[in-house]
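Working notes, beginning with the structure itself.
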Amino acid sequence: MSRDLVEAARAARLKAHAPYSKFLVGAAMRDEKGRIFGGCNIENASYPQGWCAEPSAISALIMGGGTKVTEVAVIGAGEGLVTPCGGCRQKIREFAAPDVKIHICGEDGTIRRTFTLEELLPVSFGPDHLK
Ligand code: THU
């Protein structure tokens with residue numbers, strides 16, 4: 001069931017623009033209608049101005065008319081778990097419920113671990129605090 005999402009993340013990763021870190025990352029997010037949107041990290045010569053794969057996928061989802069993130073896959077290379085960075089966790093949190101699954105995948109598309117958003121960003125600050 002998550003295979004289509006993982007494949008989208010894998011395809012997105014191959015589009016990454018990461019000539020400085022050479023660390024390619026792909027993300028894919030499913031919206032409330034089941035549609036899948038991919039994104040990659042995009043670096044630039046002014047290093048701190050680059051951005052991660054996750055906000056690229058969120059941008060695609062929002063521009064595609066989605067309003068909620070219902071499942072996430074992230075793919076990066078290497079032995080370690082390429083989990084979303086702190087800033088990305090907060091960006092996902094804006095659109096995702098605490099029980100949304102975040103699949104962390106190896107370069108070949110195998111799911112290594114699945115976390116919930118709540119596990120990655122416990123006791124989080126969110127839109128409800130501003131009501
Ligand atoms: N990166 C992501 O795309 N997502 C993450 O959650 C972790 C880090 C990217 C940012 C940068 O282009 C490269 O990985 C190395 O940090």
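Remember, it's 1-based here, ligands and their atoms both numbered in the order they're listed.
Within 4.0 Å of ligand 1, heavy atoms belong to protein residues Ser21, Phe23, Val25, Asn41, Glu43, Cys52, Ala53, Glu54, Thr83, Pro84, Cys85.
A donor-acceptor pair under 3.5 Å is absent between the side-chain atoms of Thr116 and the main chain of Val100, judged by distance alone.
Ring-plane geometry between His129 and Phe125 is classed as parallel, the angle between the planes falling under 30 degrees on a 0 to 90 degree scale with a further cut at 60.
Evaluation of the side chain to side chain donor-acceptor pair (under 3.5 Å) test over residues 39-48, restricted to residues two or more places apart or in two chains, returns Ser21-Glu43. Residue pairs meeting the side chain to side chain donor-acceptor pair (under 3.5 Å) criterion with at least one member in residues 81-92, sequence neighbours excluded: Thr83-Arg89.
Residues satisfying the side-chain hydrogen bond (donor to acceptor under 3.5 Å, both in side chains) test with Glu32, not counting sequence neighbours, are Thr67.
Atom CG of Asp31 and atom CZ of Phe37 lie 5.0 Å apart (nearest 0.5 Å).
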